[in-house]
Number of protein chains: 2
Amino acid sequence: MTPGQPRWRRRKDARPAEIVTAALEVFAERGFAAARLDDIAARAGVSKGALYLYFETKQELFEAVVRDTVLPDLDAVEQVATNLELPFRQLAPMLAARLALLLTTSSLPAVAKMVIAESRNFPDLARVWHDQVVSRALGVLTGVVKAAQARGEVRPGDPRFHALSIAGPMLMGVLWREVLEPVGAEPIDLPALAMQHVETALVGLLTPEARA
Amino acid sequence: MTPGQPRWRRRKDARPAEIVTAALEVFAERGFAAARLDDIAARAGVSKGALYLYFETKQELFEAVVRDTVLPDLDAVEQVATNLELPFRQLAPMLAARLALLLTTSSLPAVAKMVIAESRNFPDLARVWHDQVVSRALGVLTGVVKAAQARGEVRPGDPRFHALSIAGPMLMGVLWREVLEPVGAEPIDLPALAMQHVETALVGLLTPEARA
DNA sequence: CGTAAATAACTGACCAGTCAGTTATCAATG
DNA sequence: CATTGATAACTGACTGGTCAGTTATTTACG
């Protein structure tokens, strides 16, 4: 024993953030159900009991992860998207690039995968995800499409479906990377996919006049 | 006690199929890890021990589910897709309709969701899924696109990306239905999405000459 | 000191996989 | 047409291990 060093420190205000960071990692690696609180605690440098000083249950910890680590990322994309003034032809590639960056650098895909995984057994997780992430993101995209339709830039049709036409391949690419690449599938270049898809989708979505 | 009725019957040849059916239901409802073999057994009308007469482990049972219930569905779609002769403009909507039907009536989406869910903790599951389902399905679609490019019907570009452009929104629609609708999200009309998307994608993918 | 932060040992519930024992079924026999 | 083994299908209680959440105790620190 080195008696000069205390075995631990009281750090009431630093703990929550450290725990949330550790929780994000472990949740992403193992999924909600299979994530062990002991592992999260160890990675955060505390004991399991300490977790319960700051979070009442495992679920509450997950909600904190979404709130603290995913929502800020989403805000950044939303910022770009609400430039409704820009012509769709220019806005779409910007959005796609921003999104591709987010999906390759942030932990959003890992959390998304986890929510898909556990939605049936932990519906509260899915509800939080839907209310705070998906419906907001899709709402923004749908709004962009609708505005472009109003300006005559985008062909008629359900704007929500158009939004899915744009976002779907990205999701598929992400899932490919998260689920299949780890077991040996041929890798996908996500930004390249985003660029080629946006090009294709633009031709398909724009009115003949707007293509000029 | 009604002594005339036996407590159970020996039905060696009927059991495996019944167990696989029950397993599909429970796996789809709860995911692989959370599915209880006791539940599967109960739903199949046998004891847990009986499961082990026909399947060595839980994983082997899952593989049987894929083999017996998913692959036949896939074969049917593959049939349509290998009509490589047909012009892409006609083949694509047919494929989309067939796929939409499959995704709304079969159990494929539920199994897919499960695989996504458990891929990290049970990589073998994901490998089976990739080798036997995804890579085959995507291969067929990529082949169709490539053939159409060779005939000058489809614009240049990575045919694999084009395939993802086509299939992605369908996957997104399916996940929406599986994950978010159960927790209160606004429902999506999957066949309608398929039709509108294929229309959009066709315009985007076809060469100007092929659009005639 | 007092007290709040943190620990570590503990509890209770859960479940995959096992196995000793039970019972349906059927072929052989009287 | 019984009766009787023999056999293999089937059962259900049990084991060993895991893990969320609890609590009695220790320790940092104002």
Side-chain angles (χ1 to χ4, degrees), chain A residues 1-20 22-23 25-27 29-65 114 117-118 120-122 124-125, chain B residues 1-20 22-23 25-27 29-65 114 117-118 120-122 124-125:
Chain A
M1 277 297 148
T2 39
Q5 299 298 325
R7 291 209 285 124
W8 42 265
R9 309 229 177 189
R10 311 173 124 216
R11 292 166 59 235
K12 186 182 168 66
D13 41 341
R15 295 295 189 212
E18 292 172 0
I19 292 170
V20 164
E25 289 176 24
V26 179
F27 280 149
E29 275 171 28
R30 323 258 313 197
F32 182 77
R36 272 168 298 194
L37 292 182
D38 274 317
D39 283 356
I40 294 175
R43 217 174 283 204
V46 295
S47 70
K48 184 165 65 162
L51 263 46
Y52 284 87
L53 296 173
Y54 301 102
F55 304 95
E56 297 225 329
T57 62
K58 203 180 182 185
Q59 286 214 21
E60 205 200 279
L61 182 52
F62 169 75
E63 283 167 29
V65 168
M114 201 198 84
E118 315 277 1
R120 191 92 61 179
N121 299 316
F122 302 90
D124 287 348
L125 266 53
Chain B
M1 279 296 153
T2 41
Q5 299 298 325
R7 291 209 286 122
W8 45 266
R9 310 228 179 187
R10 318 171 116 218
R11 292 167 57 236
K12 185 185 170 67
D13 41 339
R15 294 295 190 212
E18 292 171 359
I19 292 171
V20 164
E25 289 176 23
V26 178
F27 281 149
E29 275 170 27
R30 321 259 313 202
F32 182 77
R36 273 166 296 193
L37 292 183
D38 275 315
D39 283 356
I40 294 175
R43 217 175 284 205
V46 295
S47 70
K48 185 165 62 164
L51 262 45
Y52 285 86
L53 297 174
Y54 300 103
F55 305 94
E56 296 223 329
T57 62
K58 202 181 183 184
Q59 287 214 22
E60 205 200 278
L61 182 52
F62 169 75
E63 284 167 28
V65 167
M114 201 197 84
E118 315 278 359
R120 191 93 60 177
N121 299 318
F122 303 92
D124 287 348
L125 266 54

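Side chains of B/R36 and B/V26 form no contact here, defined as non-hydrogen atoms less than 4.5 Å apart. Using a 4.5 Å heavy-atom cutoff, the side chains of A/R120 and B/R30 are not in contact. Counting only heavy atoms from C-beta outward, the side chains of A/Y52 and A/T57 never approach each other to under 4.5 Å. Put simply, the side chain of B/E29 does not reach to within 4.5 Å of the side chain of A/N121, judged on heavy atoms.
The separation between B/Y52 atom OH and C/dA20 atom P is 17 Å, rounded to whole Å. With rounding to whole Å, A/D39 atom CG is found 9 Å from D/dA20 atom P. Atom CG in B/L53 sits roughly 14 Å away from atom P in C/dG17 (whole-Å rounding). Here C/dA5 presents its P atom at 4 Å from NZ of A/K12, a figure rounded to the nearest Å. One interatomic measurement links the two molecules: CG of A/D13 to C1' of C/dA6, which rounds to 15 Å at whole-angstrom precision. Residue A/L51 contributes atom CG, which lies 13 Å from atom C1' of D/dC19 at whole-angstrom precision. Atom CZ in A/R9 sits about 15 Å away from atom C1' in D/dG30, given to the nearest Å. The interatomic distance linking B/I40 (CD1) with C/dA16 (P) rounds to 8 Å, in whole Å.
Heavy-atom distances to DNA chain C give each of B/T57 and A/R15 a nearest nucleotide, and the one nearer the 5′ end belongs to A/R15. Between B/R10 and A/E56, the residue anchored closer to the 5' end of DNA chain D is B/R10, taking for each the nucleotide with the nearest heavy atom.
Between A/K58 and A/F32 the shortest heavy-atom distance is NZ-O, 2.8 Å.
Contact between the side-chain N/O atoms of A/Y54 and the OP1/OP2 oxygens of C/dA6 is found at a separation under 4.0 Å. A sub-4.0 Å separation between OP1 or OP2 of C/dA8 and a side-chain N or O of A/R7 is present.
With A/E118 contributing its side chain and A/G31 its backbone, the two residues share no donor-acceptor pair below 3.5 Å.
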Quiz item: Could you run down nucleotides 9-15 of chain C 5' to 3' and tag each one B, S or - for protein heavy-atom contact under 4.0 Å?
Solution: ------S
For residues 12-19 of chain B, run the donor-acceptor check on the side chains, cut-off 3.5 Å, and write out each pair with its distance to 0.1 Å, sequence neighbours left out.
residue : atom : partner : partner atom : Å
B/R15   : NH2  : B/R9    : O            : 2.8
B/E18   : OE2  : B/R11   : NH2          : 2.5

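If you check every strand for non-hydrogen atoms under 4.0 Å, B/F55 touches nothing.
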